[in-house]
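Atoms within each ligand, like the ligands themselves, are counted from 1 in listed order. Quick caveat: nothing in here was measured; it's all calculated off a predicted structure. Quick note: residue numbers are just sequence positions, from 1.
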Amino acid sequence: MNSSPGSRPPSVDTALSWPGIQALIQCHGRPLVVDAVRAGLQRWRDALISDEQTLLAEIGHTLENWLAPTFKPVVNMTGTVIHTNLGRSPLPPEAITAMTAVASGASNLEYDLESGQRGDRDTHVEDWICRLTGAEAATVVNNNAAAVLLVLSALAPRKEVIVSRGELIEIGGSFRLPDIMSRAGCKLREVGTTNRTHTHDYLDAINSRTALLLKAHTSNYAVQGFTSSVSESELASIARQSRIPLAVDLGSGSLIDMQRLGLPAEPVVRDVLAQGVDVVTFSGDKLLGGPQAGIIAGRADLISRIRKNPMKRALRCDKLTLAALAAVLRLYANPKKLAQRIPALRLLSREQTAIEETATQLLPALQSWAGEEIDVDCCSTLSQIGSGSQPLDRLPSASLRLRSQHANKRKRSRQLRELARQLRQLPLPVIGRITDDSLLLDCRCVEDPQPLIAQWHIHRFQVEPAT
Ligand SMILES: *Cc1c(COP(=O)(O)O)cnc(C)c1O
């Protein structure tokens with residue numbers, strides 16, 4: 001406690017009567033300002049403040065802090081294009097326009113304008129999913145994890161689901177297939193081994209309790225060497241003979257052949273269904289380049305069972321997602337323009353020379369931000385797709401590279417972490433990656449360098465005092 005004379009804090013009521021505080025109440029409302037005043041007075045009692053002027057300033061700062069959005073745009077310079085922690089796919093302007101159009105008022109979300117009766121929210125996307133995948137029917141839920149959960153609980157409640165041991169996947173953020181399986185009320189029947197699973201493994205496991213064969217795309221890892229797995233078409237023929245449906249979780253999946261964009265091959269939803277798979281699930285915000293969603297497409301009778309499951313109601317998408325997804329799907333109508341119009345595909349197919357040009361443009365501004373003590377240059381690097389798509393493939397890219405001049409390795413690494421931290425604290429936070437002895441800022445996802453150049457010219461890296 002500060003017991004020096006004249007430093008007794010005012011009462012809450014006294015502080016609230018000050019004109020400065022009254023003005024804040026006008027602006028931000030009484031309850032929030034009262035909380036900020038209480039916090040300020042506590043700091044006075046803790047002897048961190050001892051006069052009214054400072055108290056007022058601190059209350060102002062506290063309110064600014066509380067009211068500032070915590071959720072804001074950042075610049076993804078990690079080199080991972082579809083980065084789950086950074087919000088995955090950027091949306092095209094058509095999707096933003098579609099969301100805005102239905103956001104502020106009533107819409108025909110679940111209303112059939114023809115009959116004037118209740119409609120189904122899936123109608124806004126189902127026809128387009130079917131057109132683009134060849135599926136008979138489709139439905140959408142909150143994300144692909146929800147899609148898998150829903151398929152399992154609708155098609156195999158209290159029954160056995162056969163999965164290869166090589167495909168018992170865990171996707172980042174605690175999505176583990178065996179756990180999802182038990183939550184869905186299914187019994188997991190593992191077959192084969194981690195590296196090899198054969199047709200007879202499936203055939204031997206099928207019995208009267210089997211309700212579903214499930215194949216999961218091993219998106220975030222690869223089993224290499226002495227391996228063997230059963231293809232979709234072989235599994236489809238087993239499924240048909242045994243009259244058991246076959247579901248495939250594609251993870252990312254793609255509506256087009258990625259190789260046409262010069263990218264590594266990824267399973268194409270239409271091809272997978274054409275091989276006789278009954279139901280597929282895939283994400284809306286991975287390679288599709290749309291909003292977070294889980295798409296379920298396939299046989300009409302199975303989709304109908306899935307849609308009727310009560311879990312569908314709990315996992316459904318909201319109107320903004322559906323508006324964005326519907327707009328993105330329509331962009332797929334013209335395959336020639338896709339690489340331009342879908343931002344995720346545009347970033348992924350960006351030429352290395354174009355990325356190098358961006359890096360060159362950014363270099364002087366970054367050097368000015370970092371100051372004389374830091375070495376900054378451009379270098380060739382490799383970016384990756386992210387979100388489990390083709391985990392082993394890399395795309396040639398260009399990065400800005402920051403290096404510390406300290407002779408001591410520990411100090412260098414500490415300075416790199418400090419550089420990375422201060423880049424994250426900028427008004428437009430910049431997220432890079434530290435590798436070996438440098439901090440890399442991959443320029444693949446920077447299409448407009450101007451805002452970055454502006455902030456790097458305004459702000460300065462604060463060099464830590466030597467310790
Ligand atoms: C990403 C992924 C999921 C989870 O999808 P979300 O849209 O993130 O919920 C499930 N399965 C596979 C194979 C995946 O790659």
Side-chain angles (χ1 to χ4, degrees), residues 80-91 125 129 138-153 155 161 163-184 186 188 197 212-223 229 232 235 246-255 258 263-269 272-273 277 279-298 306 311-312 314-318 320-322 324-325 328-329 344 348 384-393:
T80 300
V81 179
I82 304 177
H83 196 301
T84 298
N85 303 148
L86 303 182
R88 291 197 183 155
S89 291
L91 292 175
V125 290
I129 297 170
T139 183
V140 283
V141 287
N142 182 60
N143 57 16
N144 188 38
V148 175
L149 178 67
L150 180 59
V151 165
L152 290 170
S153 59
L155 302 185
V161 178
V163 188
S164 158
R165 285 205 169 84
E167 294 165 6
L168 288 174
I169 50 174
E170 170 177 312
I171 317 284
S174 74
F175 173 90
R176 283 182 162 188
L177 202 47
D179 298 340
I180 295 279
M181 196 83 77
S182 64
R183 291 301 169 120
C186 311
L188 168 64
T197 302
L212 187 69
L213 304 184
L214 178 68
K215 189 173 173 65
H217 184 55
T218 55
S219 27
N220 52 3
Y221 68 101
V223 181
S229 66
E232 273 89 352
L235 269 181
L246 165 63
V248 175
D249 172 20
L250 287 172
S252 186
S254 172
L255 296 179
M258 286 292 150
L263 294 168
E266 183 75 20
V268 177
V269 179
V272 174
L273 286 170
V277 172
V279 176
V280 293
T281 64
F282 55 101
S283 289
D285 56 355
K286 291 186 179 172
L287 282 176
L288 190 113
Q292 179 187 301
I295 299 168
I296 308 172
I306 290 166
M311 197 96 95
K312 165 68 167 52
L315 301 174
R316 73 186 187 187
C317 297
D318 84 317
L320 299 182
T321 301
L322 287 165
L325 183 59
V328 171
L329 291 171
L348 286 169
Q384 54 182 339
I385 299 177
S387 281
S389 297
Q390 298 304 333
L392 303 182
D393 281 296

Ligand 1 atoms in contact with His217 (distance to a heavy atom under 4.0 Å) = 13 (C)
Please determine, by modelled atom types, if Thr197 and Ser229 share a side-chain donor-acceptor pair under 3.5 angstrom.
-> no
Side-chain touch Arg88/His83, heavy atoms, less than 4.5 angstrom = no
May I ask you to check whether Asn144 has an N/O atom sitting below 3.5 Å from an N/O atom of ligand 1?
-> yes
Where the side chain of Ser89 meets the backbone of Gly290, is there a donor-acceptor pair that is under 3.5 Å apart?
-> no
Return the option from Glu167, Arg88, Lys286 holding the heavy atom at the smallest distance from atom 14 (C) of ligand 1.
-> Lys286
Looking only at distance, does Val148 have an N or O less than 3.5 Å from an N or O of ligand 1?
-> no
What pairs with Glu232 under side chain to side chain contact (heavy atoms under 4.5 Å, CB included), at least two apart in sequence or on another chain?
-> Lys215, Val248, Val272, Gln275, Val277
Report, in ascending order of atom number, the atoms of ligand 1 lying under 4.0 Å from any heavy atom of Ser283.
-> 5 (O), 6 (P), 7 (O)
Any luck finding a side-chain donor-acceptor pair between Gln384 and Thr80 under 3.5 Å?
-> yes
Which residue, Asp249, Ile296, Val141, forms the side chain to side chain contact (heavy atoms under 4.5 Å, CB included) with Val148?
-> Asp249
Taking atom 11 (N) of ligand 1 as the point of reference, which of Thr281, Leu250, Asp249, Ile180 owns the nearest heavy atom?
-> Asp249
So the atoms of ligand 1 within less than 4.0 Å of a heavy atom of Ala145 turn out to be 4 (C), 5 (O), 6 (P), 9 (O)
Asn143 heavy atoms within 4.0 Å reach ligand 1 at atoms 7 (O), 9 (O)
